[in-house]
Protein chains: 2
Amino acid sequence: MTISEAEAVVMDVLWGKAPRTAEEILAEVGPSQNWQEGTVKSLLNRLLKKDAVHAERDGRRYLYTPLLLREQYVQQESKGLLDRLFGGRVAPLVAHFSEQRKLSEKDIAELRKLLAELDNEQH
Amino acid sequence: MTISEAEAVVMDVLWGKAPRTAEEILAEVGPSQNWQEGTVKSLLNRLLKKDAVHAERDGRRYLYTPLLLREQYVQQESKGLLDRLFGGRVAPLVAHFSEQRKLSEKDIAELRKLLAELDNEQH
DNA sequence: AACTTATGTTTACACGCGTAAATGATTGCG
DNA sequence: CGCAATCATTTACGCGTGTAAACATAAGTT
């Protein structure tokens, strides 16, 4: 059961801070997304059906908490792309960005550090 | 105008070798995908509408050629993911795979080489 | 108790996608 | 020439998505 892009926007809010009410979610996401309240409610209900969030009654409203972890989601998404486009290998992906000149100085520095760490830990 | 996943499967065949007839595409993709001929035709027509492929009549059938380049497609897809999930920065993405233990020895070697090259060329 | 407000639940609707069946057109064969 | 085979084009249909309107319900207010 995959979660859609609009649903992921809602999850993002919850990953930022939870639990939250529908209203709070709308407040954070409405401006950029131009959504109505009903839209957010629908998305939350679909996420409930998909067991991606949990809702706990709090008086008249619900508090929503993510069940699906950001890490899991990121994992699925990136693995999908990696497999589909780069034969499941990371180096070609980085090479791609490199050719596209999408590697910032900071990226390069961090990559270097990462490799150095891998060198030590050997894991 | 984005191209869907099933459409991308067809594009993949064409990126491998073009021009091709619908029949050839089916032959290459049918087994793994379990598609009927009509399915491939529909996908080709949708790709035509999206200007992702070009069709040239050849007697009774058409020869299809990709207009959208693989590089463009890969670019869009990866940028999308990168922006949505890693704030547009490459290093965090690689770090993610690293944590997931998805970096093969070969990946690491290649990344190292890549960084070395970047070092020289300074581009 | 009736009315308003806040919130959630149900229903809707158009669009793209995956998948194909139905139909149409062209051509080779008997 | 008429029929069968070969392609292509049109139509279909269920499902998920993006987006919300309509409806229901509970709680606070007069």
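In what follows, chains carry the letters A, B, and so on, assigned in the order in which the sequence lines appear, proteins first and then strands, with residues in each chain numbered from 1. Since the structure is predicted, the reported quantities are computational estimates derived from the model, not experimental observations.
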Subject >> Base C/dT19 paired with B/Arg46 side chain (donor-acceptor, <3.5 Å) >> reply: yes
Original post:
Hey, does B/Asp58 reach any base, or is it just sugar-phosphate, or nothing, if we go heavy atoms under 4.0 Å?
Top reply: nothing
Original post:
What's the CZ-P distance between B/Arg60 and D/dC7, to the nearest Å?
Top reply: 6 Å
Subject >> Spacing between B/Ile25 atom CD1 and D/dC7 atom C1', to the nearest angstrom >> reply: 14 Å
Subject >> Nucleotide D/dG16, atom C1' - distance to CG of A/Leu47 in whole Å >> reply: 13 Å
Subject >> Separation of D/dG18 C1' from A/Gln36 CD (nearest whole Å) >> reply: 13 Å
Original post:
In whole angstrom, what separates A/Leu43's CG from C/dT9's P?
Top reply: 14 Å
**OP:** Just compare D/dA8, D/dA20, C/dA20 and give me whichever is closest to any side-chain atom of A/Trp35.
**Re:** D/dA20
**OP:** Measure the shortest side-chain to side-chain distance between B/Arg112 and A/Asp119 over non-hydrogen atoms and say whether it is less than 4.5 angstrom.
**Re:** yes
Original post:
Does a donor on one side chain sit under 3.5 Å from an acceptor on the other, for A/Ser104 and A/Asp107?
Top reply: yes
Subject >> Touch class at under 4.0 angstrom, heavy-atom based, for A/Glu23 against every strand present >> reply: sugar-phosphate
**OP:** Identify the two heavy atoms, one from B/Ser78 and one from A/Phe86, that lie closest to each other, and give their separation to 0.1 Å.
**Re:** OG-CZ, 4.1 Å
Subject >> Residue closer to the 5' end of DNA chain D, A/Ser42 versus A/Gly59 (nearest nucleotide) >> reply: A/Ser42
Original post:
How many Å lie between CD on B/Glu7 and P on C/dC17, as a whole number?
Top reply: 5 Å
**OP:** Using a heavy-atom cut-off of under 4.0 Å over every strand shown, decide if A/Ser4 touches base, sugar-phosphate, or nothing.
**Re:** sugar-phosphate
Original post:
For A/Lys50 and D/dT17, is the shortest distance between a side-chain N/O and OP1 or OP2 below 4.0 Å?
Top reply: yes
**OP:** Could you check whether B/Glu5 gets within reach of a base, just the sugar-phosphate, or nothing at all, counting any heavy atom under 4.0 Å?
**Re:** sugar-phosphate
Original post:
Rounding to a whole Å, what distance do you find between A/Glu37:CD and C/dT7:P?
Top reply: 8 Å
Original post:
Atom CG of A/Leu48 and atom C1' of C/dT9: how far apart are they, to the nearest Å?
Top reply: 12 Å
